Every structure is written in C-alpha cells, then in structure tokens.
Number of protein chains: 2
Amino acid sequence: MTANTPRPTLQSIARQLGLHVSTVSRVLNGPEGEGARAASGETGERIRRLAAELGYRPNPHATSLRTQRSNLIGVMVPRLSDVVLATIYEGIEEAAAELRLSTFVTNTWDRPETQRARTQMILDRRVDGLVFGDAHADGRLLDEVAARGTKFVLVNRRAGDYPAVTCDDYLGGRLVADHLLGLGHENVAVIAGPPYASTGLDRAAGFADRYREAGIALPAERIVPSGFDTAGGRAAAQRLLSAPARPTALFAVNDFTAIGAAGAARDHGLRMGEDIAIAGFNDIPLAAELPVPLTSVRSDMHEMGRRAARLLAGIIAGEGPVTSERLAPTLVVRSSTCRPPDSPT
Amino acid sequence: MTANTPRPTLQSIARQLGLHVSTVSRVLNGPEGEGARAASGETGERIRRLAAELGYRPNPHATSLRTQRSNLIGVMVPRLSDVVLATIYEGIEEAAAELRLSTFVTNTWDRPETQRARTQMILDRRVDGLVFGDAHADGRLLDEVAARGTKFVLVNRRAGDYPAVTCDDYLGGRLVADHLLGLGHENVAVIAGPPYASTGLDRAAGFADRYREAGIALPAERIVPSGFDTAGGRAAAQRLLSAPARPTALFAVNDFTAIGAAGAARDHGLRMGEDIAIAGFNDIPLAAELPVPLTSVRSDMHEMGRRAARLLAGIIAGEGPVTSERLAPTLVVRSSTCRPPDSPT
DNA sequence: CTGAAAGCGCTTACAG
DNA sequence: CTGAAAGCGCTTACAG
C-alpha cells in the first residue's frame with residue numbers, strides 16, 4: 001500500500017468486481033452466519049481475495065455511525081505513572097484488544113472536577129462503556145453517570161453497589177494482621193491511605209477487625225490517613241513514630257506508602273526488619289528488590305484489569321446478571337516484618 | 001440528560017428551531033470566522049442556547065467520516081507499567097487533550113511482531129498520526145510506516161532521521177562520566193541496556209567517550225548489554241563484579257537496572273555508596289527514596305511527552321519544517337556515588 | 001445468493 | 001446570513 005493509493009472501500013471493491021456494495025459488505029463484514037454462507041459461493045472467494053490483495057480495512061467511523069456502536073471504551077485512572085494502575089490498565093487493554101475493543105485512558109488525579117470533565121470528554125467520544133479505576137467512596141459522579149444510562153464497571157476500588165472487580169482488600173488486611181499477631185506484635189498502627197478510596201478503607205478495616213478479634217482494639221489515632229505516595233507514607237509514619245508508646249509494627253495499605261514509612265523509620269534510627277516491622281500492599285515488583293525486601297499482600301492487578309474489561313464487555317453486550325468479582329489476595333512474607341524488638345526468642 | 005432522551009443532533013436542533021441543519025452546523029461547529037459572524041445574529045444566539053440546554057455534543061464519528069480527520073493519535077510503548085514510559089505518556093495525553101486530540105496507547109513489549117500487529121490495529125482505527133515510544137535502532141518498521149505516508153514522531157528513543165523528541169542521552173552519559181572521574185574512579189563499567197534502544201546506546205557512548213578523552217579507554221567487556229529491568233541489571237552487575245579487577249563504579253543506563261545492580265553488589269558484600277559507586281538514569285521518583293539514595297540523570301519525561309504530542313500535531317497540521325528536539329538532562333548527585341574505596345581522602 | 005435503497009450525523013461548496 | 005444538496009463509508013431490512 002503506497003502513500004498515493006487511496007484506501008480501498010467497500011464501494012471501490014464492489015465497483016472493481018461489478019458487484020453491489022451490500023454484497024461486499026455482507027461477505028467482508030457481515031455476521032458470522034451470512035458470511036459463512038456467502039463463503040461457499042465463488043463470488044465470496046473473489047471478494048475476499050481482492051480485499052486481501054488491496055489490504056481492505058473497514059472504516060470504524062462509518063461503522064460506528066451506522067451501528068451506533070463504537071467498540072470503544074474509556075478508562076479513568078488516578079494516575080498512570082502509579083505502577084498499580086498502569087498494571088491494571090495493561091490488563092484492561094489486553095483483554096479489550098482480544099474482544100476487539102479499543103481503549104482511551106486518562107488521568108483524573110482523584111480530583112472530582114477533573115474526573116467529571118474527563119468523563120464528559122470520554123463520553124463525547126461516544127464510547128460504549130467506561131471503566132472507573134478512580135471511584136470515590138461517595139459515588140456521586142457514578143450516580144450521575146448511571147443516571148444517564150451509561151454502562152460502566154469499577155476496578156480496583158468499589159463504590160455503592162456498582163459492578164466492580166476488586167481485590168478482597170478486607171481479607172488482605174486480615175492476612176497482614178494474622179501475620180503480625182503471629183509474630184507477637186500487640187502495639188501496631190495502620191497508614192490507611194486517603195479516606196475516599198475503598199482499597200485503603202477496606203484494608204484498614206480488615207486489619208483492625210482481626211486485631212479486635214484477638215482482643216486488641218486499635219485506638220483511632222493508630223489508624224492515620226495518608227496519601228498513596230511515599231511522601232504520604234513518610235509523613236504518616238513520622239507522626240506515628242514520634243508518639244509516646246511507639247508501635248512495633250506498621251501496616252501501610254500500599255507499597256509506596258510503606259517505602260515512605262521505611263524512610264521515616266530510618267530517620268528515627270530504626271532499621272526496618274530489625275527494630276520495626278513494616279508491611280505493605282500490592283507487592284509491586286520493586287518490593288522484592290529493596291535492600292530489606294518488603295512483606296506485602298499480592299493481588300493480581302493484571303488479571304483484575306482483564307476481568308474488568310470482560311465484565312464491561314458483558315454489560316455492553318447485555319448479557320445476563322452482572323456480578324462483582326473479588327480476587328483473593330495472598331500474603332508474601334519477606335524480611336521487613338520481624339518480631340517485636342523486645343520479644344523473647 | 002436522562003437515559004431515555006435520545007441525544008440531540010444538528011438535525012434535531014434545526015428542526016426544533018425551524019432552521020436548516022447547515023445553519024446550525026455553521027454556528028455550532030463551524031470555523032472560527034463563520035462562527036463569529038454567525039454569532040452576531042440573533043439566530044446564532046437561539047441555536048447556541050438550545051444546544052447548551054440540550055447538552056448537544058457533536059458526534060465525532062460523523063465528523064471524522066465527513067472530514068477524513070479523526071483527531072485521534074496512537075501511542076506505542078514497550079510497556080506502560082514502566083514508570084518512565086507511563087510518565088512520558090502522561091505528558092503526551094495531557095498535551096493531546098489540550099489540542100483536542102484523543103489518544104490510544106498500547107504495549108508492544110519491544111517485540112517486532114507485536115509492534116507490527118499493534119501498529120496495524122491502531123492504523124485500522126484511522127488515527128491521524130502516531131507516537132512511537134518503542135523505536136528500534138534498525139528502524140525497519142518505521143520505514144514501512146513512513147512508506148505508507150503515515151505521520152508519526154518518535155519519543156524517548158530516536159532512530160534514523162525520523163522526527164524525535166528525546167533526552168540528550170549522549171550528554172547525560174558524559175555527565176555521569178564527568179562525575180565519576182571527578183571522584184577518582186578509573187576502573188568503571190557500564191550496564192548498557194538492550195542493543196536496539198538508542199537511549200542505552202547513546203548514554204553508554206557519551207560515557208565511554210568522556211572517559212576516552214580523559215585517557216581511559218573502556219575495554220569492550222566493561223560495556224555489557226542488559227535488559228531494562230532490575231533482573232537485567234542484577235545479572236549484568238553479577239558478571240562485572242565477579243571479574244578479576246572489579247570495577248569501583250558502575251553506570252547503569254536506567255534506574256531499575258541500577259537498583260538491580262545494587263542488589264548484586266549486596267550479594268557480593270559491597271555496600272553501595274561506600275564500597276562501590278552506582279549511578280542510574282531517569283531519576284524516577286523512587287531514586288531519592290531508596291535507603292541509599294541513587295545518583296541519577298534527570299530528564300523531564302513529562303515534558304518530553306508533551307513536546308512529542310505537539311510536534312506530531314504540527315506535522316498533522318502540515319506546519320513548516322519538522323525538527324527533532326533534544327532535552328538537556330541534569331545530573332542529580334546523591335549518596336550512591338562515593339569515591340573509590342582505596343582513594344586518598 | 002445478490003441488488004437497491006435508506007440513513008447514521010456531520011461538513012462544505014454552491015446558490016440566493 | 002441561510003438553505004438545499006451531495007457525500008463521507010458503512011449496515012440492514014426488504015425484495016427478488
């Protein structure tokens with residue numbers, strides 16, 4: 001295909017073959033049934049041969065205009081340079097491509113105005129559906145989007161009763177609590193992430209519930225909100241480690257927060273994995289590569305993305321009842337979580 | 001806008017106002033000049049008012065079909081879960097949105113077959129242009145794409161004479177060499193990345209040239225290829241540190257590779273920043289957060305992405321001569337680069 | 001199995 | 001300043 005040759009169209013192919021455009025359409029892009037039948041005919045063979053020779057590719061804008069289906073989906077994420085979201089998006093994009101869906105992805109920075117503006121921008125592109133990876137617990141924007149009849153699913157974070165594919169964050173929090181309890185930690189704290197994200201909320205809740213079941217109630221000041229980045233983790237840990245009865249173990253609801261917390265611990269002269277235990281969440285690839293490898297909860301983010309794409313595709317296709325999915329996490333124990341310093345060996 | 005109301009179209013607006021669709025089109029979506037003139041008329045006011053009230057949004061598929069312009073661009077990256085590429089993409093997406101362009105982004109894993117297949121998939125979507133963030137030095141695929149008359153730019157990696165926005169990687173390599181020479185390192189090695197990426201090649205070349213100018217020629221076995229991830233850095237460093245006259249400093253052409261190298265150093269009982277100097281490239285956010293903060297070359301990846309988007313937009317618009325851009329890097333010195341262990345203080 | 005027709009929602013050169 | 005017409009490239013119900 002050289003630069004000057006105009007792209008072939010159904011029309012141009014029909015003309016060259018002395019056929020009608022509708023015939024060519026049915027053979028090349030028609031539904032399976034018809035295409036298959038047409039396949040038998042010798043005409044079908046001629047059409048297919050010429051189309052292949054010319055490198056015919058249907059014009060998706062024409063198809064979308066005609067069918068009112070764009071085969072496009074939009075994906076909203078807080079920020080793609082966060083490896084957690086990037087990995088989820090990779091899963092979405094991969095599964096979407098398998099389903100012949102193309103994706104637009106955009107950052108919303110977790111800011112409501114940006115979320116609203118970018119959602120509108122994506123809807124203006126006439127996507128068939130949306131994946132929200134930035135849902136806020138209040139669900140206000142989602143309510144509006146749902147009211148318009150727009151199809152969507154949530155991924156990573158849940159909100160209300162909207163269909164969502166998430167990690168079982170509550171269970172993940174419990175797993176960490178189990179582990180720290182087993183090591184003998186009774187004086188612990190949680191760096192809980194921002195208050196609008198179900199991930200942090202559920203992880204913290206699972207952790208606190210498990211401790212409560214063990215007879216240890218975490219006081220409110222031991223569950224501190226934070227950003228999801230290293231700076232947030234550092235600041236939160238700084239506060240916790242300056243308190244009177246310093247905790248012997250920290251559960252950060254995200255690995256970056258945990259890395260920031262490790263920095264704060266260092267500033268306090270504490271060695272992670274020896275003087276203080278720190279656990280994170282997500283098991284990002286770097287967790288295992290740190291000088292003191294980080295104990296973390298592994299969730300299959302790529303698979304989460306794949307499932308979200310498929311769930312959305314099902315909804316778009318109008319398939320049966322929609323049920324949210326919750327992936328089981330596993331705890332990966334590494335050397336960052338030691339026993340309490342004064343514990344008997 | 002409720003679920004059951006059909007979306008307004010130019011037609012529906014024209015009908016409600018007793019006007020012709022072409023009039024409405026000119027007022028709502030027409031070129032600046034006409035729109036402005038139409039603005040004065042009282043009719044224009046009525047049209048605009050109703051459109052706003054109904055929440056009219058032009059159907060981009062219809063517009064694209066008619067104008068043969070999709071306002072869509074495609075972005076090819078090795079993998080989005082690499083924070084370097086994710087950050088570049090954020091810049092592309094941000095600038096593209098400002099230019100009213102929407103972007104498709106896809107992973108190609110640096111595999112030629114995938115690159116080819118995904119490029120075709122993106123072109124099938126009738127994008128107006130492409131940004132390649134995964135160019136291979138041989139430029140084979142790019143030659144094919146160029147031969148079709150497709151418009152594109154490269155970002156991060158350059159190839160042939162195709163328009164590209166890159167970091168001045170050669171200069172970056174020189175900066176690191178300057179720094180290590182200043183510290184007194186004469187026995188050094190480079191972990192150079194894969195042989196198909198201009199980034200690693202140029203960084204290694206700048207480094208080696210600067211050392212040569214200082215009278216120190218790096219033997220070939222001191223410039224070892226690697227992957228761009230921690231595993232690759234670890235393996236390469238493992239080899240280098242097992243050699244007879246062990247280098248006192250390592251330049252890894254990427255921060256992940258440097259982190260992997262630090263792991264290998266630890267395995268050899270070497271403390272980074274005390275027994276061995278290690279420098280990276282890109283200054284990813286984590287570099288400053290490591291227990292031993294990493295010396296690295298900073299390149300403004302977000303800005304690189306923004307410029308690539310604008311360069312492509314210029315090419316699509318058919319504006320003047322196209323010139324590649326090369327952003328100046330800066331060296332960020334941190335504690336990972338110490339003097340050679342046996343150097344006089 | 002193939003053809004003819006209508007129409008998805010827009011833009012734009014041509015009249016008036 | 002506004003209208004009428006043509007057409008971008010497809011799909012699909014209706015005939016034959």
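Everything numeric in this text was worked out from a predicted model, so none of it was measured. Throughout, protein chains are lettered first and strands after them, A, B, ... in sequence-line order, and every chain is numbered starting at 1.
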Could you check R148(A) against E144(A) for salt bridge (charged side-chain N to carboxylate O under 4.0 Å, His left out), going step by step and ending with a plain yes or no? CA-CA 7 Å; R148(A) 294 190 190 193; E144(A) 292 175 27; over 6 Å; no

Quick one, S102(A) with R125(B), criterion side-chain hydrogen bond (donor to acceptor under 3.5 Å, both in side chains). Give me CA distance, side-chain angles, the key distance, then yes/no. CA-CA 9 Å; S102(A) 296; R125(B) 271 286 170 186; 3.1 Å; yes

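Classified by interplanar angle (parallel below 30°, tilted 30° to 60°, perpendicular above 60°), the ring pair H136(B)/Y196(B) is parallel. Ring geometry for F104(B) against F104(A) counts as parallel: the plane angle stays under 30°, on a 0 to 90° scale with 60° as the upper cut.
Going from atom CZ of R57(A) over to atom P of dC10(D) covers 12 Å, rounded to whole Å. Whole-Å rounding puts the R7(A) CZ to dC8(D) P distance at 16 Å. As rounded to whole Å, 16 Å separates atom C1' of dA6(C) from atom CG of L10(A). When the C1' atom of dG3(C) is taken as reference, atom CG of L17(A) falls 15 Å away, rounded to whole Å. Regarding N71(B), its CG atom lies at a distance of 11 Å from the P atom of dT11(C), rounded to whole Å. Per the geometry, CG belonging to L19(B) stands 11 Å off P belonging to dA4(D), to the nearest Å. Rounded to an integer number of Å, the gap from R69(A) CZ to dG9(D) P is 23 Å. Between R15(A) atom CZ and dT2(C) atom P the separation is 19 Å, expressed in whole Å.
Phosphate contact (OP1/OP2 of dG3(C), side-chain N/O of T23(A), threshold under 4.0 Å): present. For Q68(B), no side-chain nitrogen or oxygen approaches OP1 or OP2 of dT11(C) to under 4.0 Å. The side chain of T43(A) contributes an N or O atom lying less than 4.0 Å from OP1 or OP2 of dT2(C). Residue S22(A) places none of its side-chain N or O atoms closer than 4.0 Å to OP1 or OP2 of dA4(C). Between T67(B) and dT11(C) there is no side-chain polar atom (N or O) within less than 4.0 angstrom of OP1 or OP2. Of the side-chain N and O atoms in N29(A), none sit less than 4.0 angstrom from OP1 or OP2 of dC10(D).
Among the heavy atoms of the strands lying under 4.0 Å from S25(A) is at least one base atom, whether or not backbone atoms are also near. Residue P60(B) is out of contact with every strand shown, counting any heavy-atom pair closer than 4.0 Å.
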Under the rule of Watson-Crick or G-U wobble with both distances under 3.5 Å, where | means paired to another strand and [ ] a crossing pair, DNA chain D maps to |||.||||||||.|||

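At distances below 3.5 Å, at least one donor-acceptor pair connects side-chain atoms of D128(A) with backbone N or O atoms of S70(A). Formation of a donor-acceptor pair under 3.5 Å by the E90(B) side chain with backbone atoms of H302(B) is not found in this model. Put simply, the side chain of T63(A) gets close to the backbone of N59(A): a donor and an acceptor are under 3.5 Å apart. Between the side chain of S324(B) and the main chain of A164(B), a donor-acceptor pair closer than 3.5 Å is present.
Distance from the side chain of L65(B) is smallest to dC8(D) among dT12(C), dC8(D), dC8(C). Each of dC10(D), dT12(C), dT2(C) was ranked by its minimum atom distance to the side chain of R66(B); first place goes to dT12(C).
Contact annotation: side chain of R26(A) to base of dG3(C), donor-acceptor pair present below 3.5 Å.
Sequence order on DNA chain C of the closest nucleotides to H20(B) and A62(B) puts A62(B) first from the 5' end. Toward the 5' end of DNA chain D, the nearer of the two residues R126(B) and I47(B), judged by each one's closest nucleotide, is I47(B). Between V21(A) and Q11(B), the residue whose closest nucleotide on DNA chain C is further toward the 5' end is V21(A).
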